[in-house]
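Written out below as structure tokens is the structure these notes cover.
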Amino acid sequence: MLAAAGAIVLLVAALIVLAWRRQPAGAKRGGERVWIFGLGLAFPAVVLAALLGFGLVIGERLMPRTAPDILRVGAEARRFAWTFTYPDLPGRRTDGVLHVPAGRPVDVAITTADVIHSFWVPRLAGKLDAVPGHVNVLRIEAEQPGTYQGVSAEFSGTGYDGFAFTVVAHAPDDWAAFMSGNETEARQ
Amino acid sequence: MNALARHRRLTAIWSSRPGWKGLFSTVNHNDVGLMFLVTAFFYFFVAGVLAMLIRAQLATPHSAFAGPEIYNQIFTMHGTLMMFLFAIPAIEGMAIYLLPKMLGTRDLAYPRLGAYGYWCYFFGGAMLLVSLLLGIAPDGGWFMYPPLTGKVYSPGINTDFWLLGITFVEISAISAAVEFTVSILRYRAPGMSLSKMPIFAWYMLVTSLMILTGFPPLILGSILLELERTFGLPFFQVELGGDSLLWQHLFWLFGHPEVYIIFLPAAGVVSTILPVMASTTLLGYRYVVAAAVALAILSFGLWVHHMFTTGIPHMGLAFFSAASTLVAVPTSVQVFAWIGTLWKGRPQLRLPMLHILGFFATFVIGGLTGVMVAVVPFDWQVHDTAFVTAHLHYVLFGGFVFPLLAALYYWLPLATGRARFFRLGEVAFALIFIGFHVTFLAMHFAGLMGQRRRISTYSPEDGWTAINLISSIGGFILAFGLVMVLIEVVLHLVVRHRAPRNLWRAGTLEWATAMLPPAYNFASLPEVDDREPLRADPDLPARLARGEGYLGEPNGMMRETLAVDVASGTPEHHVIYPGNTHLPIVLAAVTGLFFLALLLKVLWVAPLAMIGVAVLAWRWVWVLGRREDAGAVSVGCGLSLPTIAEVDRPPGWWGSVFLLVADATLFGSLLFGYAFLWTIAPGWPPPEWIAPSAIVVALAGVGVALSIIGPFFATRANAGGSNPAVGLALSLAGSAAIAAALVAMLMMAPSPTGHAYGATLLVLGGYGILHAIVVALMAAFLIARVRAGYTSPRRRAEIAILPVWGAYGGGIAVVILLAAYLPVALS
Amino acid sequence: MMDLLRILVAPVVWLAAFSAVYGLQGVLCAAPPEGTVAGLPMARVLLALSFAAALLVQVALLVLLLSRRFGASRGFVRTVSLGGGLVGVVATVWTLFPVLALPLCQ
């Protein structure tokens, strides 16, 4: 996308610079057909149609599809902390740290207790807002075990600067330990 | 009468009162336009200083320059001032100043309305400025998302300053848009058909129609949020049936068209200046017009792309992703039409052209990053990061500020009659161009590395330190460049270096006025049969000064011009404008009192201020008109035309129609909000429904019938020479019946503070009652005018306006009752 | 005013149809209708039908703008209004095709 954009910028710049090139009087310099219909209409229409199709296909792939081994977790934001819950572990909640198994798709059900926030772990997925009264589901998947930084990415007043959380993706053994309720052991 | 005597007579007729006090009573577009521009550039300066503070804060990690409380105010006010108090008013000022000259006429359609708009802007802007100076400025971000801006999380007065101040300022945008639309359609030089209009006028026509349909959703949103904050009507509180997403829809229904409202006039500037800089005409004029129209309407189908991360289903996002890519096509048509124009002519690198090249480089990059964020998965990553900040500055600075600077250097000699003496502009351009790109190109990368928008500080471990420092240095280079522009303008005003007439060899009519333009613009109005009349006839200015056009002989002390047929430009009516008056500033002050009362929560003053507004508005229209028939008036060149009091569709009719377009958009947005809450908000159905009443329906039915039949009878009776008072009285009774029916409906509605359902019903009913009162006042006014002898079978113009308002008031009453009762009756 | 109408009508009708289909999609997801037609869920059928209707209206508008009775006679307004008519058709196809291609409510 960046390369294509760069190429288009160069094309436009070149066309502008070439306008200064002196030509013998009467030389044909391209009429409405070239400028309006060729470059103005046809060129962007083709590029944009391709880009739109590409974006929608990628977007479709990122949607939370049904799969056999999905884990569901809940994420509730409030100024300025995230609380995570685990429907598979009733009563279990963690503050500021979301525990997930590595290599498994996870659906995060996001909501808020006060103002609008946004759940964003750049390395795992795009962001999705936490909107009062609504529950939005984001599909994330950590391929490798490890710690992933997340932030709230919707302005929420003073305190927004440091409003962050972490996602810990566990290897299968660690995850089993976490599931059995042994959180300290599960922490790496 | 020789040219000099004519000049003296016309100057005496058209000038504002002498001295600085004359500014308070002037209604002349030459004054009002410049007042708008000077004030707008003042706010550009203030908002620019705020931008410097932001860059100073972010230049280093762990900056202790400003805490988040202050920083939140700074970035909120930077965006708010730039958008609402700089960009839009600068466009208004430029168009107010230039349009009559380009269109070959003497003033805009409603001179007093233009002045009223200015004073609303002045007082509303002052409110926001005071909040900034006192450190109680809005701090919720320029987008003001509730619930953060609701009473619970923003208990202070800060948010109220935004909601009330911006709504107050918006009055000026709406009134300017009505004025531009009617002026462009009706107030042109004779013979100027739609296809011969200067391209800038086309762009401003499109922009004005966009303001009329783009601003009302935000005005409605501000009203609803202020009602929630002051009276506890829960439109955005989810626990009481509201939904904060409603605000986002209303805000971006405005916010996205807003971007194009800012860009299109700038594109009009480019389309005007660029061909002159290449000594040629615009390539593909009609395709450029079609592209501008397409761009304007497509831009209303993009608003949800600001909400890609709010959890809307992918199909919904796909609609808006598609529309967001499509909108790039008409933009590209314009860009390539401009480049083709350069190829067609012989471009020269003069100072305005430098800024246009700056525009190309910057805007094309901004457009491309815009297409990137239209791609949904990409947006999920970069949304609310510095990437978007960079993108929007490329679009707005590239697409607006560079063309505005080109316009400044291009038209300043016209406005002052002087040429540049010191050559600071080229250096200033270099600093601005380099400074801008250093600042904002760097910012893209900060965003891609994860820097969020609106954070007040960051830590060295984030790894953005170098980028932010570079960005801040660039920002200060940019600021130096802009200060140099300011210095050059000041020098321009100080140094008397006379400019030659029409120094750019342009073809449009503004260069046919004297430099600087006299208060009356043209001593006589030209007959136009070319898109560039001055190129077709270089002798035109002298001929006009000799009085060889229309209205060459001043008539008493009347400010006269002509109104033409919309399509062909054939002269139709003789127009008499009102002269200097303090009414606009007084009316604006009383309007301001209303907003101030709400701001300071002295609520009992608000209805008094509304009564004051009604009294002044009555006075406003009363001073027009006359008590005897004028018949056909000679306008020169052997032509006689009816005067505007003696036509079926006077300026007031045209203005009413376009004002009602904005009004209907507001009402439509309200109905959208109602339907949105009903289907999307989690807290529905409400605990209690309204009880439909047959009496209310019957009463309203009578009222609606009367408010349509009454004005019809009045018009008929007046045309037939009998007294229209009976018809007017029927109209008055109809409005009273509608108001009574809606009050009764509200009495049977659930409490407005208990659930968003009741709150919405209250606003719907209140909207209908307010309009019933307005129509009743109009009918009462007309009865008084008939009794005072201001109407006759010929002088029918005033009565002709009532049917429009009567039909609208009746129509909305029907819709309101349907919206309130039908869903209950069906379920 | 007639000329202004000719220029604006097709894109404005697109905007109305676009907003309406978006609204319909919201309603259908909030309260999914029951039943299927030829194996397709009712919501999909309704959306596809409204897409078809919007397209039909746009084509009709384009024919009107080309016609002698409603179309403009002056060259300039004719070009601009036909441009608007084409924008209406293209925009309808371009922005509403997702009703056929994407899942309904995810």
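Every chain is numbered from 1, with letters handed out A, B, ... down the list of sequences.
Classification of the C:Phe76-B:Trp202 ring pair by plane angle, with boundaries at 30° and 60°, yields tilted. A tilted orientation is assigned to the rings of B:His249 and C:Tyr22, their planes being inclined by 30° to 60°.
Contacts between C:Leu82 and chain B at a heavy-atom distance below 4.5 Å are absent for every atom of the residue. For B:Tyr287, the part lying under 4.5 angstrom from a heavy atom of chain C is the side chain only. Neither the backbone nor the side chain of B:Val329 comes within contact range of chain C; no heavy atom of the residue lies under 4.5 Å from a heavy atom of that chain. In this structure, the portion of B:Tyr285 lying under 4.5 Å from any heavy atom of chain C is its side chain and not its backbone. Contacts of B:Trp303 with chain C are made by side-chain atoms alone, with heavy-atom separations under 4.5 Å and no backbone atom involved. With a 4.5 angstrom heavy-atom cutoff, C:Pro103 touches chain B only via backbone atoms. Only the side chain of C:Leu15 comes within contact range of chain B, with at least one heavy atom under 4.5 Å from a heavy atom of that chain. Only the side chain of C:Leu4 comes within contact range of chain B, with heavy atoms under 4.5 Å apart. Contacts of B:Leu317 with chain C are absent, with no heavy-atom separation under 4.5 Å from either backbone or side chain.
Taking every heavy atom of both residues into account, C:Leu104 and B:Pro313 meet most closely at O-CB, 4.4 Å. Residues B:Met315 and C:Leu47 share a closest heavy-atom pair of SD-CD1, 4.0 Å. Nearest heavy atoms, C:Ala30 versus B:Thr679: CB-O, 3.5 Å.
Between B:Phe300 and C:Phe18, a ring centre-to-centre spacing not shorter than 6.0 Å is recorded.
Looking only at side-chain heavy atoms (C-beta outward), B:Ile297 and C:Val87 stay at 4.5 Å or farther from each other. Looking at B:Leu194 and C:Asp3, their side chains come closer than 4.5 Å, going by heavy atoms from C-beta outward.
Shown here is C:Arg78, whose CZ atom has more than 12 heavy atoms of other residues, nucleotides or ligands within 6.0 Å.
Summarising the geometry, atom NE2 belonging to B:His314 is positioned 6.0 Å from atom CG belonging to C:Leu102; distances are rounded to the nearest 0.5 Å. Going from atom CH2 of C:Trp94 over to atom CZ of B:Phe319 covers 16.0 Å, rounded to the nearest 0.5 Å.
Of all the listed residues (C:Val90, C:Thr95, C:Val27), the one sharing the greatest number of non-hydrogen pairs under 4.5 Å with chain B is C:Thr95. Note: B:Gly301 leads B:Ala318, B:Gly301, B:Ala294 in heavy-atom pairs under 4.5 Å with chain C.
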